[in-house]
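Data block below; observations after.
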Amino acid sequence: MQSTQHHISIYPRGMKMRVTLTLVMVALFYFFSLHKTESDFIEFFSNLDVVFMKLLSMFPPNWDYIPHAIGPLIETIQIAIVATTFSVIICIPLSLLSANTIVKNQYVYYFFRNLLNLMRTIPDILLATLFVSLFGVGILPGILALTVFSLGILAKLLSETIETIDPRQLEAIQSTGGNLLQVIWYGVVPQVLPQFISYGLYVFELNVRASLVLGFVGAGGIGSIIDTQLNFLQYKNVMAILILLLAAVIFIETVSNFLRRRVV
Amino acid sequence: MITFKDVSLVYPNGTQGLKHVNVTIDEGEFVVIVGLSGAGKSTFIRSINRMVTPTYGELYVDGENVIQLQGKELRKLRTKVGMIFQNYNLVNRSSVMKNTISGRLGHTGTLRSILNLYSKKDRALAYENLKRVNIEEYVYQRADQLSGGQQQRVSIARVLTQEPKIILADEPVASLDPPTSHQVMKYLKKINQEDHITTIVNLHFIDMAMEYADRIIGMRDGEIVFDGPASEVTEKTFEEIYNRPIREHDLRGSE
Amino acid sequence: MITFKDVSLVYPNGTQGLKHVNVTIDEGEFVVIVGLSGAGKSTFIRSINRMVTPTYGELYVDGENVIQLQGKELRKLRTKVGMIFQNYNLVNRSSVMKNTISGRLGHTGTLRSILNLYSKKDRALAYENLKRVNIEEYVYQRADQLSGGQQQRVSIARVLTQEPKIILADEPVASLDPPTSHQVMKYLKKINQEDHITTIVNLHFIDMAMEYADRIIGMRDGEIVFDGPASEVTEKTFEEIYNRPIREHDLRGSE
Amino acid sequence: MENNGSLPPKPERLKQKRIRNLVIAVILLVIYIWAFSGVIRAMDWSMLQKLDENIRQVLPKLFSPDLTEWRKVFDKILETIFIAYAGTLIAAILAVPFGFWAAKNMVKSPVWNTMGKWFLILDRTFPELILAIIFVISVGPGAFAGVLTIGLTAFGMLGKLYAEVIESIDMKVVEAMEANGANKIQILFYGIMPQVLPEFLSFALYRFEIDIRASTILGLVGAGGIGTLILITAQNRNWPQLGFIIISIVVVVIAIDYISGKLRKRLV
Amino acid sequence: GEEGSGSDENLNPDKLVMGFVPSQDSEKIADTAKPLADKLGEILGKEVEATTVTSYSALVEAMGNNKVHIGFLPAFGYVLASSKYDVEVLLKSERHGSVTYRAQYVVRADSPLESLDDLEEHAGDMIWAFGDPSSTSGYLYPAAQLMKKFDIEDTTELQENFFEKVLKTGGHDNTAIAVLNGQADIGTTFEDVRETLTEDYPDIMEELKVIGYTDPIPNDTVTVPAALDDELTQEIKEAFLSFNDDQEMIEIMNEVYNWDAIREASDEDYDIVRETYNTMGGNVPLD
Ligand SMILES: Nc1ncnc2c1ncn2[C@@H]1O[C@H](COP(=O)(O)OP(=O)(O)OP(=O)(O)O)[C@@H](O)[C@H]1O
Ligand SMILES: Nc1ncnc2c1ncn2[C@@H]1O[C@H](COP(=O)(O)OP(=O)(O)OP(=O)(O)O)[C@@H](O)[C@H]1O
Ligand SMILES: [Mg+2]
Ligand SMILES: [Mg+2]
């Protein structure tokens with residue numbers, strides 16, 4: 001067999017260049033970041049024993065502390081449920097308004113799009129700090145911070161799902177003379193409901209985890225007692241709280257995986 | 001009666017979908033539109049129920065110029081005109097029944113339809129229509145569990161449930177294999193004959209067009225280049241419409 | 001030469017895929033296996049390159065009993081036996097070239113293949129084979145940008161690049177339309193004749209089987225119920241294999 | 001049209017489904033009552049008394065940002081970006097082997113596979129703040145502790161996402177490679193990697209966006225980033241400066257989201 | 001107990017790391033100690049890096065592991081650190097002419113409480129707000145004082161029986177605001193947190209009144225790991241003390257840490273804190 005080509009490469013030449021260039025840039029910026037953050041992996045590995053010692057010093061967990069943590073844990077879960085519920089409800093109109101399959105007006109679409117981006121942008125700790133200063137300490141600022149934060153994520157996910165739905169199914173409903181609400185109810189909802197539920201559960205898990213941070217700035221929940229125990233250097237108590245939290249998160253994740261499988 | 005009076009349509013990107021189309025379709029006719037890909041068949045059909053809006057001319061459906069319609073009026077037009085799509089466009093995750101009954105949306109109040117409060121009559125009608133296309137046994141199945149031909153039959157049932165005066169079908173058999181294609185066309189023909197519903201169908205396959213149409217309209221580049229009874233049509237006619245010899249894939253093949 | 005000696009295969013769930021199969025296929029033959037769905041055609045073909053493992057009997061490929069093979073030996077067998085699949089099984093995101101050259105993986109060292117260091121000869125061979133199936137113009141296109149027929153031609157080129165002694169094809173045209181199906185079958189036949197590669201093809205369509213095969217093997221319920229030259233085969237034979245009259249969809253239709 | 005068409009009875013399956021849904025609904029209702037009553041009881045409404053005054057005092061100042069300390073803010077934001085970038089890259093690389101470990105279709109032994117999955121859950125649950133403290137202790141306070149924290153917490157989520165990507169690949173392609181005699185490593189590089197790599201990169205970029213936000217909290221425990229500044233500014237009730245910080249973060253994060261969104265679109 | 005990995009007695013790193021916990025107990029919290037570090041480096045002829053750590057537990061641990069060589073620790077932070085690691089206090093700060101400060105009890109102006117004695121009668125249905133249980137002025141000193149005064153056995157008794165309940169606010173400003181808002185009836189903060197809030201709450205001086213103070217609390221410290229080279233330790237101490245004669249540095253330190261001057265300190269100065277903590281029967285004994 002005789003080739004007429006002089007050189008047949010596996011990749012077209014241009015692509016090879018682009019890939020190499022990208023990789024080099026990624027690596028360069030990486031090393032630049034390592035330099036800027038004064039990363040020193042030799043130091044890290046030579047101090048690995050300290051990491052393990054510290055982890056070990058958290059064991060055995062002080063099981064006697066668990067009863068003190070149950071109350072805050074329950075509070076955390078309740079906060080997360082309430083915040084998730086609020087954001088699930090509010091996100092429905094928001095995500096419809098920021099999906100270009102539903103909203104044809106470009107200005108409206110971009111306004112809500114950017115609003116969502118804005119909400120997702122602000123770190124939860126900043127939100128919590130702000131709400132604490134507005135509403136005082138307690139669980140309300142916590143609920144609000146979580147609501148706003150998860151609302152941004154949830155509405156973004158949902159609106160992206162709505163944008164990927166099959167527009168032909170909507171067209172069919174339109175062609176029967178259905179109005180906007182009917183098109184949404186008969187065409188959009190069945191297509192996005194499973195993802196919607198699964199996102200809701202995902203955000204709930206996220207909220208349970210996030211409430212840890214909230215406690216550090218006076219917005220209630222289990223983070224608050226972790227903060228205190230850390231300040232007293234009571235690592236065995238901290239570990240007990242963490243194990244409780246871990247158990248709760250795994251439980252929630254298992255249940256929500258189960259529910260997710262059922263609906264999707 | 002549907003009347004196109006000098007209708008043109010230019011898409012926002014400048015493509016001319018229809019060019020000065022003049023044609024009248026009478027009640028109860030079974031018209032098949034043929035033409036190459038891009039000829040404007042879909043544009044023609046979708047103008048009738050205003051899924052696209054002609055940019056020039058007048059288009060009368062039942063004596064009413066539909067080009068200006070908006071909002072409620074437009075929805076009223078659409079309840080009169082049923083549409084069948086190439087890809088069936090069923091809501092995959094909903095049941096066959098829910099898909100079929102959605103044909104009645106235009107006749108039902110928003111609240112009632114959202115709460116699933118259809119009258120007994122409506123539900124019986126939907127079921128009746130599923131029976132007419134022999135698909136009643138799947139009534140509670142999810143739509144995406146059916147084969148292509150079955151799905152298309154559900155979409156016919158949906159349109160029938162709408163009780164339309166006109167049925168538009170945009171390449172209803174393009175995704176189906178030959179035997180199923182014929183089956184679907186037969187159901188369409190049967191309904192056209194039994195209920196006297198004006199039926200306009202886009203087809204790619206000339207043998208099917210000749211077999212089922214009363215009247216054939218040929219399009220090329222947004223213009224009507226042939227219009228006449230199916231009996232007058234020969235292979236030559238198609239070669240004119242297509243501007244090239246007929247090939248094997250222009251035929252669906254027999255049943 | 002391929003020899004099945006009393007080969008049986010029981011799947012873990014108890015389904016009997018093959019039942020006491022005895023058959024010999026000579027070098028350079030073009031054999032088509034026909035049979036209803038579930039007859040065991042795939043199981044038969046996939047036993048030859050040990051994608052499935054018979055549970056009883058002996059199966060000789062080039063004089064070697066392949067049933068016991070493992071690891072390296074098994075991979076050596078597989079480099080000798082090329083396989084073509086119904087759904088082409090190309091890596092969608094990789095280029096046509098990369099897909100084709102992957103046919104040489106079995107002949108190339110791991111490190112060289114990971115670093116894409118193929119010899120000039122290998123690359124020339126891959127390109128040559130793309131030319132043989134007339135697809136060379138797409139060489140740097142992504143596989144998923146090609147049509148079904150084109151993808152199947154790439155998968156033939158991939159198999160050719162493997163330089164196999166035997167080609168197995170499991171319903172290579174089931175996903176293609178009639179004209180494309182014929183095209184693909186013609187390439188397979190051409191290669192069989194030019195390179196004398198033993199070719200075993202599963203087909204659902206009896207008209208195609210009769211058109212391309214030298215020899216036809218009919219299967220039913222895991223057993224061989226017919227084996228003879230294509231010239232001896234009549235519609236009657238198929239009715240026996242299928243245990244029912246021939247229907248329209250058993251035929252692919254002409255080109 | 002004749003109308004003898006009363007509907008056929010609903011199949012048993014549907015009835016069961018309805019009962020199941022009812023049970024789920026009741027359980028949900030109970031959970032909701034529990035959660036809301038708990039929250040309402042714990043809520044301290046008296047805090048709303050001064051709400052009006054708080055808003056009047058705080059919001060206007062927040063909206064008149066004070067730029068005098070812009071250098072400090074920018075340095076800290078840049079540090080945050082570097083932490084997130086270096087951390088995410090470490091996580092993205094670490095997550096590959098773990099993703100394969102936790103993917104059902106790659107690991108034959110279900111026990112071994114489940115262990116992989118659980119390991120990733122464990123990693124995702126371990127709070128980054130605690131990990132950050134441990135790293136602050138072991139390598140000293142500063143951005144490096146932040147890099148390590150992000151690197152080790154982000155790979156839990158990335159590993160899970162990677163595993164899901166791997167589980168959704170087209171195994172037929174793998175079969176085709178097996179059929180032409182390729183060994184496991186060749187199959188990995190020719191059959192699996194091309195299928196998953198774009199998604200891997202896309203998820204890594206997505207995670208980078210998250211990590212930018214995540215690295216803001218590391219400052220709480222001395223692991224670098226802008227968190228400390230946020231906290232102190234808030235404690236000083238320096239609202240104008242806090243306003244400036246918020247605006248800066250928003251601008252930076254939106255810019256990064258935009259760029260990485262563009263990149264991700266091109267990947268898949 | 002002494003653990004920690006810093007067993008090498010003559011720790012003398014090329015780069016000194018100065019860890020800095022922004023003082024909660026002062027009017028303005030600085031977010032950086034860089035000017036101070038620069039000056040220190042100049043004097044010592046060594047690179048000195050300042051890092052701000054908002055959680056002093058992290059700082060204590062980092063010092064225990066010799067990752068931080070100069071720690072600015074509040075009183076209780078030092079007590080905690082010295083109980084766990086071998087650390088040496090070098091200096092303490094002087095603010096407003098004193099090396100100590102006090103905590104105060106604030107209530108709303110219309111509160112029935114006029115002095116701490118009135119708590120006997122009213123505490124039973126009052127909510128007590130404080131920043132964090134580990135805050136010296138926000139919790140430890142007031143708690144010890146109340147327990148002693150009203151003969152309360154332990155903190156649980158104090159929090160759950162003496163008062164109706166407690167509110168943990170996360171900071172002194174939050175505490176004052178919580179009292180102002182009516183979320184709590186009495187709050188304990190450093191003296192006088194109200195001044196930091198006058199901008200946002202112009203009437204706070206009138207709306208909140210102070211009904212009592214605690215005993216003096218030693219000011220925050222400059223602490224080093226005991227493993228640090230003795231000579232270096234001495235140099236550091238002298239460098240800091242020399243700031244007292246340097247008007248420019250005094251200003252910088254005032255800016256950074258609200259310090260007016262730096263004084264020598266010894267471990268005994270903090271015995272009082274240690275005692276307070278231990279004798280109040282805290283649930284966390286410090287030995
Ligand atoms: N939404 C649109 N925007 C712009 N141009 C369009 C749009 N829809 C169709 N066109 C263009 O209008 C012309 C007519 O299209 P139309 O879909 O009516 O053709 P068709 O005959 O239905 O073709 P096919 O058989 O492929 O469905 C084509 O050139 C097409 O590219
Ligand atoms: N992996 C498997 N596990 C269990 N049973 C199997 C498996 N693969 C095939 N079978 C069963 O073995 C029998 C033969 O299957 P095979 O796939 O060989 O049939 P086929 O003739 O190729 O059918 P088709 O035309 O549908 O591809 C069938 O009953 C099938 O259900
Ligand atoms: Mg069309
Ligand atoms: Mg098969």
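Residue numbering restarts at 1 for every chain, and letters A, B, ... go by the order of the sequence lines.
In terms of heavy-atom proximity, A:S33 sits nearest to D:F82 at OG-CD2, 3.4 Å.
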Kindly list each side-chain donor-acceptor pair under 3.5 angstrom involving residues 210-221 of chain D, sequence neighbours excluded, with atom names and distances?
residue: D:D211; atom: OD1; partner: D:R207; partner atom: NE; Å: 2.9
residue: D:D211; atom: OD1; partner: D:R207; partner atom: NH2; Å: 2.8
residue: D:D211; atom: OD2; partner: D:T88; partner atom: OG1; Å: 2.9
residue: D:R213; atom: NH1; partner: A:R120; partner atom: O; Å: 3.0
residue: D:R213; atom: NH2; partner: D:E209; partner atom: O; Å: 3.4
residue: D:S215; atom: OG; partner: D:D211; partner atom: O; Å: 2.7
residue: D:S215; atom: OG; partner: D:I212; partner atom: O; Å: 3.1
residue: D:T216; atom: OG1; partner: D:R213; partner atom: O; Å: 2.4

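For residues 80-89 of chain A, heavy-atom neighbours of chain D at less than 4.5 Å comprise A:I81, A:V82, A:T85, A:F86, sorted by residue number.
Take D:E164 and apply the side chain to side chain donor-acceptor pair (under 3.5 Å) test, not counting sequence neighbours, and it matches no residue. Residues forming a side chain to side chain donor-acceptor pair (under 3.5 Å) with A:Y65 (at least two apart in sequence, or on another chain): A:Q229.
At a 4.5 Å heavy-atom cutoff, D:I256 makes no contact with chain A through either its backbone or its side chain. For D:V147, the part lying near chain A is the side chain, with the backbone staying farther off; criterion is any non-hydrogen pair under 4.5 Å. With a threshold of 4.5 angstrom between heavy atoms, D:L131 does not approach chain A through any atom at all. Only the side chain of A:L130 comes within less than 4.5 Å of a heavy atom in chain D; its backbone stays farther off. Of the two parts of D:I83, the backbone and the side chain both hold a non-hydrogen atom closer than 4.5 Å to a non-hydrogen atom of chain A. Heavy-atom distances place the side chain of D:L231, and not its backbone, under 4.5 Å from chain A. Proximity to chain D (any heavy atom under 4.5 Å) is shown, for A:I153, by neither the backbone nor the side chain. For D:W239, the part lying near chain A is the side chain, with the backbone staying farther off; criterion is any non-hydrogen pair under 4.5 Å. For D:F135, the part lying under 4.5 angstrom from a heavy atom of chain A is the side chain only. Both the backbone and the side chain of D:I249 have a heavy atom closer than 4.5 Å to some heavy atom of chain A. The part of A:M239 that comes within reach of chain D is its side chain, from C-beta onward, which places non-hydrogen atoms under 4.5 angstrom from that chain. Only the side chain of A:F32 comes within less than 4.5 Å of a heavy atom of chain D; its backbone N, CA, C and O stay farther away. Heavy-atom distances place both the backbone and the side chain of A:L246 under 4.5 Å from chain D. The parts of D:I55 that come within reach of chain A are both its backbone and its side chain, each placing non-hydrogen atoms under 4.5 angstrom from that chain.
Distance check, rounded to the nearest 0.5 Å: CD1 of D:I90 to CG of A:L34 gives 6.5 Å. Atom-to-atom distance recorded for A:S133:OG and D:L62:CG is 7.5 Å, nearest 0.5 angstrom. Of the inter-residue distances, the one linking A:I226 atom CD1 with D:L129 atom CG reads 8.5 Å to the nearest 0.5 angstrom.
The candidate with the highest count of non-hydrogen atom pairs below 4.5 Å against chain A, out of D:I230, D:V252, D:V250, is D:V250. In terms of heavy-atom pairs under 4.5 Å with chain A, the best-connected choice from D:W34, D:Y32, D:F144 is D:F144. Ranked by non-hydrogen atom pairs under 4.5 Å with chain D, the options A:T129, A:L126, A:V249, A:I250 are led by A:L126. Across D:I31, D:V253, D:I134, D:V39, the residue that shares the most heavy-atom pairs under 4.5 angstrom with chain A is D:V39.
Between the side chain of A:Q78 and the backbone N or O of D:F36, no donor-acceptor pair lies under 3.5 Å.
At a threshold of 4.5 Å between non-hydrogen side-chain atoms, the residues D:Y85 and A:V26 count as touching. At a threshold of 4.5 Å between non-hydrogen side-chain atoms, the residues D:I254 and A:N114 do not count as touching.
The number of heavy-atom neighbours closer than 6.0 Å to OH of D:Y258, taken from other residues, nucleotides and ligands shown, is 12 or below. The local environment of NZ in D:K104 is sparse, with at most 12 non-hydrogen atoms from other residues, nucleotides or ligands closer than 6.0 Å.
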